[in-house]
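The residues of the chain are indexed from 1 along the displayed sequence. Everything numeric here is computed off the predicted structure, so don't read it as measured data.
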Amino acid sequence: MRRTESHLCTRGSLALLVAVLGLAIAAGPAAAVVVSLKTFKTSIDVRLNITEHSIWHGIRPGCYAPHEDFDIRYHMSIDSKPTRKSDIKNGTASLTGGSYGVTPSYGDRRSFEQFSTPGQWTLETQYPAGCGTDPPGPVPDWATSPTCKSIKERVSASLLQNTLDDPNDPTSNLGSNDGVLVLTRTPRAKPTVNGSSVGDSCFRTLHSVDPIGVDSNVEIGPKDTYISVPIPNLHSKLSRLAKGSRKSRPSFRVPIKVSGDCKSMQMSPSNGLRDGFITSPFSQPHNALGSFNGEPDKSICTIAGSGVAIVRRESRVTETATVLR
């Protein structure tokens, strides 16, 4: 199921609530528990470029028609501050002993762009000579020239805890210090479900991307884009940001690299490999015209990219003690 911006915000709020309530439950009904919550304004400045390259060879010799070939490069370009005068709308970091995260930080206008470069498309509608008297079938309405609409929206960047665990429950998840950088595109600097459409003729040529690593993903939808980047030791990184004088603005950098086949995407940093991951023998576009028959060289998709995210404290740290009974 595709994650929307509202889902991400809800997950961040629930993570903190569950962690706090978990402490109260563990302490028992008669005990009082003091929970320390640290908060501070935080900017997430992202510069990242990713390209998906999709090649389809649906045209083959013989009595096959209609069918097509195409070669498409689709680009995602993120720059939270695309101009010198650009500003980032800060999020808020929240830290307790058992929970951590940063609410969405929004880039300036045109900080998330998507577009394609001119590619090759060939459509054959007729059988070659000698294929009998029956004409080929009609071309489906959806089999039109791949045309990707240029999108210029905003990037939403948030940091989430990747697991929640109850230390008093041996069957719960093991404690984790890791987290996830979540990037989505949005038309406004606030939680939004859908943005502009890439166009049906464009989306049909793209592949689903299958990552080999935990917490890593690149997912292009018709009206939204979701990218998640593993952040090892996120709790420790955010805790270090909370230290220092009121006027200090500590930060940390996360170099990002994406590579590989669409059916086995690799990403750096890494929170480890997915359990039981098996690479599929092939991947296919969402909708393509032609004969495939499971031949991997007829359907090719690769993904590559690099960039950096800089997380910076933008205010003094506020610490609040809350008593739970």
Practice task
Starting from the C-alpha separation in whole Å, work towards a yes-or-no answer on side chain to side chain donor-acceptor pair (under 3.5 Å) for Asn49 and Ser77.
Solution key: CA-CA 5 Å; Asn49 291 290; Ser77 178; 2.9 Å; yes
Exercise for the section: Kindly indicate, with the supporting measurements, whether the criterion side-chain contact (heavy atoms from CB on, under 4.5 Å) is fulfilled by Leu181 and Val254. Expected result: CA-CA 10 Å; Leu181 170 64; Val254 182; 5.8 Å; no
Problem - Audit row: His207, Ser299, side-chain contact (heavy atoms from CB on, under 4.5 Å) steps and yes/no - result: CA-CA 10 Å; His207 293 230; Ser299 181; 3.4 Å; yes
Exercise for the section: Evaluate the criterion side chain to side chain donor-acceptor pair (under 3.5 Å) for residue pair Ser111 and Asp79; output intermediate values, then yes/no. Expected result: CA-CA 5 Å; Ser111 56; Asp79 187 346; over 6 Å; no
Practice task
Starting from the C-alpha separation in whole Å, work towards a yes-or-no answer on side-chain contact (heavy atoms from CB on, under 4.5 Å) for Thr318 and Arg316.
Solution key: CA-CA 7 Å; Thr318 299; Arg316 66 183 180 89; 3.8 Å; yes
Practice task
Begin from the C-alpha positions of Asp108 and Arg154 and carry the test side-chain contact (heavy atoms from CB on, under 4.5 Å) through to its verdict.
Solution key: CA-CA 6 Å; Asp108 211 341; Arg154 295 176 184 262; 3.9 Å; yes
Exercise for the section: Given side chain to side chain donor-acceptor pair (under 3.5 Å), test Glu153 with Ser196 step by step and report yes or no. Expected result: CA-CA 8 Å; Glu153 296 185 332; Ser196 300; 3.0 Å; yes
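Side-chain contact between Cys148 and Val198: absent, with no pair of heavy atoms (C-beta onward) separated by less than 4.5 Å. A heavy-atom distance below 4.5 Å is not found between the side chains of Trp142 and Asp200. Taking the side chain as every heavy atom from C-beta outward, Leu48 and Val308 never approach each other to under 4.5 Å. The closest side-chain heavy-atom distance from Val311 to Leu159 is below 4.5 Å. Annotation: side chain of Thr92 is not in contact with side chain of Phe40 (no heavy-atom distance under 4.5 Å). Looking at heavy atoms from C-beta onward, Val193 lies out of side-chain contact with Lys223 at the 4.5 angstrom threshold. Between Leu234 and Asn177, the closest side-chain pair of non-hydrogen atoms is not below 4.5 Å. When side chains are defined from C-beta on, Gln161 counts as touching Ser99, because their heavy atoms get closer than 4.5 Å.
Asp224 and Asn194 form no side-chain donor-acceptor contact under 3.5 Å, judged by distance and modelled atom types alone. No donor-acceptor contact under 3.5 angstrom links the side chains of Asp178 and His235, judged on distance only. Looking at Arg204 and Thr144, their side chains never bring a donor and an acceptor atom within 3.5 Å of each other. With 3.5 Å as the limit, one finds no donor-acceptor pair spanning the side chains of Glu314 and Thr42. Residues Thr225 and Gln114 have side chains that bring a donor and an acceptor to within less than 3.5 angstrom of each other. Side-chain contact, Thr83 with Ser86: a donor N or O sits under 3.5 Å from an acceptor N or O.
Side-chain atoms of Ser268 do not come within 3.5 Å of backbone N or O of Ile256 as any donor-acceptor pair. Without hydrogens or angle criteria, Arg312 side chain to Pro250 main chain gives no donor-acceptor distance under 3.5 Å. In terms of modelled atom types and a separation under 3.5 Å, the side chain of Thr192 and the main chain of Lys190 share a donor-acceptor contact. Distance alone, capped at 3.5 Å, is enough to place a donor-acceptor pair between the Ser315 side chain and the Lys41 backbone. When atom types are taken as modelled, the side chain of Glu319 and the backbone of Lys38 share no donor-acceptor pair closer than 3.5 angstrom. For Ser43 (side chain) and Asp45 (main-chain N/O), no donor-acceptor pair under 3.5 Å exists by modelled atom type. Of the possible donor and acceptor atoms, one in the side chain of Thr147 sits under 3.5 Å from a partner among the backbone N and O of Ser145. Side-chain N or O atoms of Ser228 include one that pairs as donor or acceptor with a backbone N or O of Asn217 at under 3.5 Å. Panel note: side chain Ser80, backbone Val46; a donor-acceptor pair is recorded below 3.5 Å. Between the side chain of Arg274 and the backbone N or O of Asp215, no donor-acceptor pair lies under 3.5 Å.
Between Phe292 and Phe282, the distance from one ring center to the other falls under 6.0 angstrom.
Note on Arg60 versus Glu68: no salt bridge recorded, every NZ/NE/NH1/NH2 to OD/OE distance being 4.0 Å or above. With salt bridges taken as basic N to acidic carboxylate O contacts below 4.0 Å, none links Asp69 and Lys298. A salt bridge is absent between Lys89 and Asp87: the closest approach of a Lys/Arg side-chain nitrogen to an acidic carboxylate oxygen does not fall below 4.0 angstrom.
Scanning both residues, Arg73 and Thr51, for their nearest heavy atoms gives CB-CG2, 4.3 Å. Shown here for Tyr74 and Cys202, the closest heavy-atom pair between the two residues is CE1-SG, 3.7 Å. Residues Pro211 and Phe277 share a closest heavy-atom pair of O-CE1, 3.4 Å. The minimum heavy-atom distance between Pro269 and Val229, with the atom names listed, is CD-CG1, 3.9 Å. Between Glu52 and Ile220 the shortest heavy-atom distance is OE1-CD1, 3.9 Å. Heavy-atom minimum distance, Gly101 versus Leu238: N-CD1, 4.0 Å.
Note: Arg47 CZ to Lys81 NZ = 7.5 Å, rounded to the nearest 0.5 Å. Considering CD1 of Ile44 and CG of Leu183, their distance stands at 8.0 Å, rounded to 0.5 Å. Between Lys149 atom NZ and Ser201 atom OG the span is 8.0 Å, to the nearest 0.5 Å. Interatomic distance, NZ of Lys152 versus CZ of Phe112, reported as 14.5 Å (0.5 Å rounding). Rounding to the nearest 0.5 Å gives a distance of 10.0 Å between CH2 of Trp121 and CD1 of Ile72. Here Asp71 contributes atom CG and Thr205 contributes atom OG1; the two are 10.0 Å apart, rounded to the nearest 0.5 Å.
Using a 4.5 Å cut-off between side-chain heavy atoms of Ile, Leu, Val, Met, Phe, Trp and Tyr, with links allowed through other members, Phe203 and Ile300 fall into different hydrophobic clusters. There is no path of hydrophobic side-chain contacts, each under 4.5 Å, that joins Phe115 to Ile303. Linking ILVMFWY side-chain heavy atoms closer than 4.5 Å, directly or via other members, places Leu289 and Leu206 in two distinct hydrophobic clusters. In this structure, Val209 is not a member of the same hydrophobic cluster as Val214, with clusters built from ILVMFWY side-chain heavy atoms closer than 4.5 Å. Clustering ILVMFWY residues whenever any of their side-chain heavy atoms sit less than 4.5 angstrom apart, transitively, puts Met267 in a cluster other than the one holding Ile212.
In the displayed structure, Asp141 atom CG is contacted under 6.0 Å by at most 12 heavy atoms of other residues, nucleotides or ligands. Under a cut-off of 6.0 angstrom, the local environment of CZ in Arg249 is crowded, with over 12 non-hydrogen atoms contributed by other residues, nucleotides or ligands.
Relative ring orientation between Trp56 and Phe70 is described as parallel, the plane-to-plane angle staying below 30° on a 0-90° scale split at 30° and 60°.
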